[in-house]
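Here the structure is laid out as structure tokens; the discussion comes afterwards.
First listed ligand is number 1; within each ligand, the first listed atom is number 1.
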Amino acid sequence: MIIEVARLHHPVTALGPGTRLGIWTQGCTLACPGCLSRDTWESGPEYAVDVRTVLDWCDARPPAEIDGVSVSGGEPSRQPLALAELCRGLAERRERHGWDLLCWTGLEEEEFAARCPDAYALLDGLVTGPYVAARAGGGRWRGSANQRLVPLTGLGRERYDQWAEDGPAGGPEGGHPAELQFQVEADRIFLIGVPRPGDPARIQRALAAQGIPMKGVTWRP
Ligand code: SF4
């Protein structure tokens, strides 16, 4: 089974609880204005890998150092059969290693469940809804206030419940700390996590002040 993948990363510490494997699928047609990940919109054979290869990559990481798996995008629901195959493989590993499975989608929960019933049945939690720039600044691991963190299993409730109802990072109620990671590959910098409003421009200015100009950024066409 082929799946289009944007990138894989371990350790991920800014997208989901604990230390995680990160799997970003490639391809999204939702085109949320203000999306920070426009590089994941395009679909094409150059992004295609076998699901087995992704699972082999997971198996090559030290399982004792992994708490769970974060599947994001792009839009994972664009590839329902491949996503189901991936989730079946990850669920087997959840049995062995105690990993939780958390997935991000720009769809609402009911839409995701209808489009991807097999994956939905295997996930411990779902972060739902499109990014809405006018409501930027969501709860932990969410970009805007309309997005929901929905635990789907007992394990999901155990691991995500405490974050499901929180406010924006550093908000008036105290909020959760802002968390971001940077992955540097050759001349590209990947940002992992959900930045606060204004963070991308602040990062760009800070890098420029260090003599590192960003020639192209994924949050602008
Ligand atoms: S925010 Fe997510 S769902 Fe929206 S366009 Fe970007 S990748 Fe797609």
ask   = Which ligand 1 atoms, with their elements, are less than 4.0 angstrom from a heavy-atom of Tyr131?
value = 1 (S)

note = Heavy atoms of Gly143 and Tyr131 approach each other most closely as O-CE1, 3.6 Å

task = Could you establish whether Trp104 and ligand 1 come within less than 4.0 Å of each other, counting only heavy atoms on the residue side?
result = no

Min side-chain heavy-atom separation Thr25-Arg78 under 4.5 Å = no

ask   = Going hydrophobic residue to hydrophobic residue with side-chain gaps under 4.5 angstrom, can you get from Leu15 over to Phe190?
value = no

inquiry  = Using a 4.0 Å cut-off to any heavy atom of Leu30, which atoms of ligand 1 qualify?
reply    = 3 (S)

key: Heavy-atom check, side chain of Glu108 versus side chain of Pro130, under 4.5 Å   = yes

request  = May I ask you to identify the nearest protein heavy atom to atom 2 (Fe) of ligand 1, giving residue, atom name and distance to one decimal place in Å?
outcome  = Gly74 O, 4.3 Å

key: Point-to-point distance, once rounded to the nearest 0.5 Å, from CG of Asp118 to CD of Glu85   = 10.5 Å

key: Proximal atoms of ligand 1 relative to Cys32 (non-hydrogen, under 4.0 Å)   = 1 (S), 3 (S), 4 (Fe), 5 (S)

key: Nearest-0.5 Å distance, OG of residue Ser77 to CG of residue Leu30   = 7.0 Å

request  = May I ask whether Pro130 has any heavy atom positioned less than 4.0 angstrom from an atom of ligand 1?
outcome  = no

key: Contacting atoms of ligand 1, where contact means under 4.0 angstrom from a heavy atom of Ala31   = 5 (S)

inquiry  = Which of the numbered atoms in ligand 1 are under 4.0 angstrom from any heavy atom belonging to Cys28?
reply    = 3 (S), 5 (S), 7 (S), 8 (Fe)

request  = May I ask you to test the Leu149-Arg142 pair for a side-chain heavy-atom distance under 4.5 Å?
outcome  = yes

message = How far is atom 6 (Fe) of ligand 1 from the closest protein heavy atom, and which atom is that?
response = Cys35 SG, 2.3 Å

query = Which ligand 1 atoms are under 4.0 Å away from a heavy-atom of Trp41?
reply = 5 (S), 6 (Fe)

